[in-house]
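Letters go in sequence order (proteins before strands), and every chain restarts at 1. Given the structure is predicted, the values throughout are model-derived calculations rather than measurements.
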Protein chains: 2
Amino acid sequence: MKGKILLAEDEISLGEIIKESLDSRGFLVEHVACGKKAIEVFKSFSPDIVVLDIMMPHKDGFEVSREIRMLDRNVPIIFLTAKNRTQDVIDGFENGANDFIKKPFSMEELIVRINSHLRISKINFEQQWVSIGKYKFNFEHQILDLHGKETTLTYKESLLLNELIKKRNQVLDRSYILNLVWGTDDFFSARSMDVFITKIRKYLKDDPLIKIVNIRGIGYKLVV
Amino acid sequence: MKGKILLAEDEISLGEIIKESLDSRGFLVEHVACGKKAIEVFKSFSPDIVVLDIMMPHKDGFEVSREIRMLDRNVPIIFLTAKNRTQDVIDGFENGANDFIKKPFSMEELIVRINSHLRISKINFEQQWVSIGKYKFNFEHQILDLHGKETTLTYKESLLLNELIKKRNQVLDRSYILNLVWGTDDFFSARSMDVFITKIRKYLKDDPLIKIVNIRGIGYKLVV
DNA sequence: CGGAAGATTTAACACTGGTTAACACTGCAT
DNA sequence: ATGCAGTGTTAACCAGTGTTAAATCTTCCG
């Protein structure tokens with residue numbers, strides 16, 4: 001599933017067409033037909049992205065967008081707007097919209113915009129550090145941090161450490177690591193891995209509670 | 001001065017009235033009376049917005065609008081039309097119009113629309129900027145901005161940075177970049193790319209959270 | 001206890017990538 | 001034309017990365 005989408009569109013038939021089209025592309029879509037329902041569903045469904053028609057009964061798109069922004073100031077909101085309503089665009093941005101699509105629009109256009117917004121918010125979310133004993137590790141940046149003292153790891157070192165951390169306190173099979181990090185499971189790669197284990201042990205030596213233990217003939221286990 | 005307006009209106013007296021009215025509101029207006037002249041003036045005057053009468057001698061508004069769109073695909077174009085036929089509106093949008101105003105119209109109406117479009121194009125202009133860590137990057141203008149301090153990049157630098165940003169946090173294959181930016185994938189282009197990566201790293205060095213990570217033998221990844 | 005296999009560690013090595021500077025080419029102004 | 005500034009390429013040298021080799025240590029089991 002590529003993402004959860006809340007679609008608020010009061011023209012039922014149009015809404016269903018959009019929903020089906022997005023469904024078939026691997027999105028999970030909740031379709032509501034008025035603004036009031038949109039807020040309710042937003043709370044229970046926690047969508048990754050919101051697509052709002054501006055003109056809807058009970059609550060219009062702007063009103064909905066303002067309320068959603070109070071619940072979640074990050075979720076991307078795309079407005080659907082009639083072609084010649086230029087003032088809408090201005091009002092929309094002021095009410096927290098991220099993007100506008102003018103009706104009529106092609107499904108391709110909508111999907112492109114949805115994907116780009118999902119990617120952006122995913123990126124913002126993925127900025128994360130993992131704690132491991134006294135250390136913090138950032139896989140994306142390949143940085144190992146001990147009380148503010150940063151060490152930059154190489155790519156392969158990061159890959160290996162990342163796997164160990166992801167399955168900490170579990171035994172990792174030698175061939176599992178080899179296939180994942182080296183892509184092959186042969187004699188030389190295995191020797192290479194031994195060298196990398198040594199390197200990582202050195203990096204982690206300042207916390208005596210962290211250990212990479214060898215299970216003879218099987219593999220390794222990172223214990224914390 | 002609130003903005004430069006190119007006004008093409010063949011009824012001289014009406015044109016002058018509009019011009020004076022806009023002048024007095026703080027706009028800078030060039031008034032031309034035929035389509036041919038409109039294109040000429042467009043090139044030299046670089047208006048922020050274009051107001052076109054549809055019915056004009058030599059070249060009609062649609063023709064002018066099409067030519068302007070080839071020169072500048074962003075400048076807002078407002079049509080003035082005596083007709084109220086749906087087909088004209090459709091033709092107009094297909095030829096790149098942003099808005100229509102039916103004659104007769106009040107000056108207030110025209111001014112409101114002009115202001116809206118100027119605000120929208122300002123918004124659109126601002127959307128050309130992509131945020132990347134502490135920086136903002138404008139690909140079209142090849143400008144990298146750090147807290148108002150602007151650096152102008154060269155064309156190739158921009159191309160490369162743009163690709164890295166577009167696929168931030170993803171690994172870009174060396175040959176993918178080479179084909180896209182250099183058009184070839186040979187030894188010398190590859191070395192050249194290495195030099196450019198160094199240059200871009202220097203440009204981005206003031207945000208320690210931004211990194212261009214090398215994946216040995218594979219390619220690069222811009223992480224934020 | 002002794003030997004074999006596996007694991008660890010260090011170092012040498014090959015190769016890729018990083019950095020700097022010289023160079024060639026282009027467009028521009030004098 | 002001549003010189004100048006900017007852009008991108010080539011070259012040379014250096015640093016970083018991962019692989020291979022070899023020496024040593026550990027564990028297991030007869």
**Q.** Any residue meeting salt bridge (charged side-chain N to carboxylate O under 4.0 Å, His left out) with A:Asp194, in chain and number order, not counting sequence neighbours
**A.**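 In terms of salt bridge (charged side-chain N to carboxylate O under 4.0 Å, His left out), with neighbours along the sequence ignored, A:Asp194 is linked to A:Arg174, A:Arg191.
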Check the distance between [N]'s [atom2] and [X]'s [atom1] and give it to me in whole angstrom.
X	N	atom1	atom2	result
B:Arg174	C:dC15	CZ	C1'	12 Å
A:Tyr220	C:dA7	OH	C1'	6 Å
B:Lys205	C:dG18	NZ	P	18 Å
A:Ile215	D:dT27	CD1	C1'	14 Å
A:Asp194	C:dT10	CG	P	14 Å
B:Arg201	C:dG17	CZ	P	11 Å
B:Asp173	C:dT16	CG	C1'	15 Å
B:Ile177	C:dG17	CD1	C1'	13 Å

Q: Could you tell me whether A:Glu140 and B:Lys221 make a salt bridge, using a distance below 4.0 angstrom between a side-chain N and a carboxylate O?
A: yes
Q. Do you see a donor-acceptor pair shorter than 3.5 Å between the side chains of B:His31 and B:Glu9?
A.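 There is no such pair between these side chains.
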Q) Without hydrogens or angle criteria, can the side chains of A:Tyr176 and A:Lys167 be said to hold a donor-acceptor pair below 3.5 Å? A)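 On atom types as modelled, these side chains qualify, holding a pair under 3.5 Å.
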(Q) Would B:Lys211 pass as a cation-pi partner of A:Tyr155, given that its NZ or CZ must be under 6.0 Å from the six-membered ring centre and within 45 degrees of the axis? (A) no
Q: Return no unless some side-chain N or O of A:Thr198 is found under 4.0 Å from OP1 or OP2 of C:dT8.
A: no
Q: May I ask you to decide if B:Thr152's main-chain N or O and B:Gln142's side chain share a donor-acceptor pair within less than 3.5 Å?
A: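 Between the backbone of B:Thr152 and the side chain of B:Gln142 there is no qualifying donor-acceptor contact (under 3.5 Å).
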Q. With nearest nucleotides of DNA chain C determined for B:Lys202 and B:Gly219 from heavy-atom distances, which residue corresponds to the more 5′ nucleotide?
A.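 First, find each residue's nearest nucleotide; the 5'-ward one identifies B:Gly219.
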Q | Whichever of B:Ile197 and A:Ile218 has its nearest DNA chain C nucleotide further upstream toward 5' | A |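 The residue mapped nearer the 5' terminus is A:Ile218.
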Q) What is the per-nucleotide protein-contact pattern of nucleotides 13-24 of chain D, from the 5' end, where B denotes a base atom under 4.0 Å from a protein heavy atom, S denotes such proximity for sugar-phosphate atoms only, and - denotes neither? A) ---BBBBBS---
**Q.** B:Ile114 versus B:Ile5, closest heavy-atom pair with distance
**A.**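 That would be CD1-CD1, 3.9 Å.
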